[in-house]
Structure formats: C-alpha cells, structure tokens
S.K.: 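To start, I am sharing the structure in question, which I have written as structure tokens.
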Amino acid sequence: MKLVKDEALAKVFKALSHPLRVKIVKILLDGEKCVCELNRLVEYSQPNLSHLKILKDAGVVDTRKVGLNIHYRIKNEYVKLLLKDAEEIVISNIETLSTAHAPDDI
C-alpha cells in the first residue's frame, strides 16, 4: 500500500514538474476553464494538450463536459496548498542563496 501511495505522490510531483503545467494549474486556481480559454491563456499548440492529460491522470485536475466543450478544474484544495508550500520553498531557497552570496559587511 505504501508503495502505491509513493508512486501516486511521485506522479503528482512529476505532473507539476513542467513550467507549462504549473502555469495551467495556477490559471485553474481562479476557477474552471474550458479548453478554448486555456488555449488562449497559455497559447497551446495541439501537442501541448497532452499536458492536460498528464495533470488529469495525476489527479491534479478534473474535467466535466459542458455542451460540446470540456472544462478543466482543480480537483481539490490540496493542490492550492501544495503550490503555495512549493513557492515558499523556492522563495526560501532564493533568499538563502542571496544571503550566502552577499558580500560581508565590514
């Protein structure tokens, strides 16, 4: 069971490991969007639509059909928390690097 959870966790992190997929998720944090809106907001090419499939397969986003359109949304609030925590790690790392490389005050 633990191995299955670890594999699922790795799948989520892998899904979020591409800058375009992070951008998509950040856009969807503002609410559900149809593929046509996402296409306009992130300048999709047809091959980039595979990014949505990766996010869906990892359980990061969910879909629903509205008429002829597919709408994407964040699957749950934990995704928002995960991105927020990851951004805090990045900010902390940047601050640590800045401090480590700053000239000493004499």
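These values consider heavy atoms only, across backbone and side chains, with no hydrogens, waters or symmetry-generated copies.
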S.K.: Name all residues meeting the salt bridge (Lys or Arg N to Asp or Glu O under 4.0 Å) criterion together with K53; count only those two or more places apart in sequence or in a different chain, and write none if there are none.
M.R.: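 With sequence neighbours excluded, K53 shows a salt bridge (Lys or Arg N to Asp or Glu O under 4.0 Å) to D57, given in chain and number order.
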S.K.: Are the side chain of T96 and the backbone of S92 linked by a donor-acceptor contact shorter than 3.5 Å?
M.R.: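 Yes, T96 side chain to S92 backbone: donor-acceptor pair under 3.5 Å.
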S.K.: Are L52 and F13 connected into the same hydrophobic cluster when the rule is that any two of I, L, V, M, F, W, Y join if their side-chain heavy atoms are below 4.5 Å apart?
M.R.: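 Yes, it is one cluster - the side chains of F13 and L52 are joined through contacts under 4.5 Å.
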S.K.: Do the side chains of I54 and V60 join up, straight or via other hydrophobic residues, at under 4.5 Å, putting them in one cluster?
M.R.: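 No; tracing contacts between hydrophobic side chains, which count when under 4.5 Å, never links both residues.
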S.K.: For D85, what residues pass the salt bridge (Lys or Arg N to Asp or Glu O under 4.0 Å) criterion, not counting sequence neighbours?
M.R.: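 Residues passing salt bridge (Lys or Arg N to Asp or Glu O under 4.0 Å) with D85: none at all.
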S.K.: Donor-acceptor pairs under 3.5 angstrom involving side-chain atoms of residues 65-77: please list them, not counting sequence neighbours.
M.R.:
{"from": "H71", "atom 1": "ND1", "to": "E32", "atom 2": "OE2", "distance (Å)": "3.2"}
{"from": "R73", "atom 1": "NH1", "to": "E32", "atom 2": "OE1", "distance (Å)": "3.4"}
{"from": "N76", "atom 1": "OD1", "to": "Y78", "atom 2": "N", "distance (Å)": "2.9"}

S.K.: Would you tabulate the side-chain donor-acceptor contacts of residues 20-31 under 3.5 Å, counting partners in other chains and residues two or more places apart, or write 'none'?
M.R.:
{"from": "R21", "atom 1": "NE", "to": "A15", "atom 2": "O", "distance (Å)": "2.6"}
{"from": "R21", "atom 1": "NH1", "to": "H51", "atom 2": "ND1", "distance (Å)": "2.9"}
{"from": "R21", "atom 1": "NH2", "to": "K14", "atom 2": "O", "distance (Å)": "3.3"}
{"from": "K26", "atom 1": "NZ", "to": "E87", "atom 2": "OE2", "distance (Å)": "2.8"}

S.K.: Please report the C-alpha distance between K5 and L9 in whole Å, then the side-chain angles of each, then the deciding distance to 0.1 Å, and finally whether the side-chain contact (heavy atoms from CB on, under 4.5 Å) criterion is met.
M.R.: CA-CA 6 Å; K5 277 179 33 181; L9 182 61; over 6 Å; no
S.K.: Please determine whether residues V42 and V61 belong to a single hydrophobic cluster, defined as Ile, Leu, Val, Met, Phe, Trp and Tyr linked transitively by side-chain heavy-atom distances below 4.5 Å.
M.R.: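 Shared cluster, yes.
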S.K.: Rounded at 0.5 Å granularity, tell me how far CG in L16 sits from CG in L82.
M.R.: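 If I round to the nearest 0.5 Å, the distance is 6.0 Å.
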S.K.: Taking only residues at least two apart or on different chains, which pairs with a member in residues 1-41 satisfy disulfide bond (SG atoms under 2.5 Å apart)?
M.R.: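 Output for this query lists C34-C36.
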S.K.: According to disulfide bond (SG atoms under 2.5 Å apart), does anything in residues 50-79 pair up with another residue at least two apart or in another chain? List the pairs.
M.R.: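 Applying disulfide bond (SG atoms under 2.5 Å apart) to every pair that reaches into residues 50-79, excluding sequence neighbours, yields nothing.
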S.K.: For I94, what residues pass the side chain to side chain contact (heavy atoms under 4.5 Å, CB included) criterion, not counting sequence neighbours?
M.R.: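 For I94 the side chain to side chain contact (heavy atoms under 4.5 Å, CB included) partners, ignoring immediate neighbours, are V90, S98.
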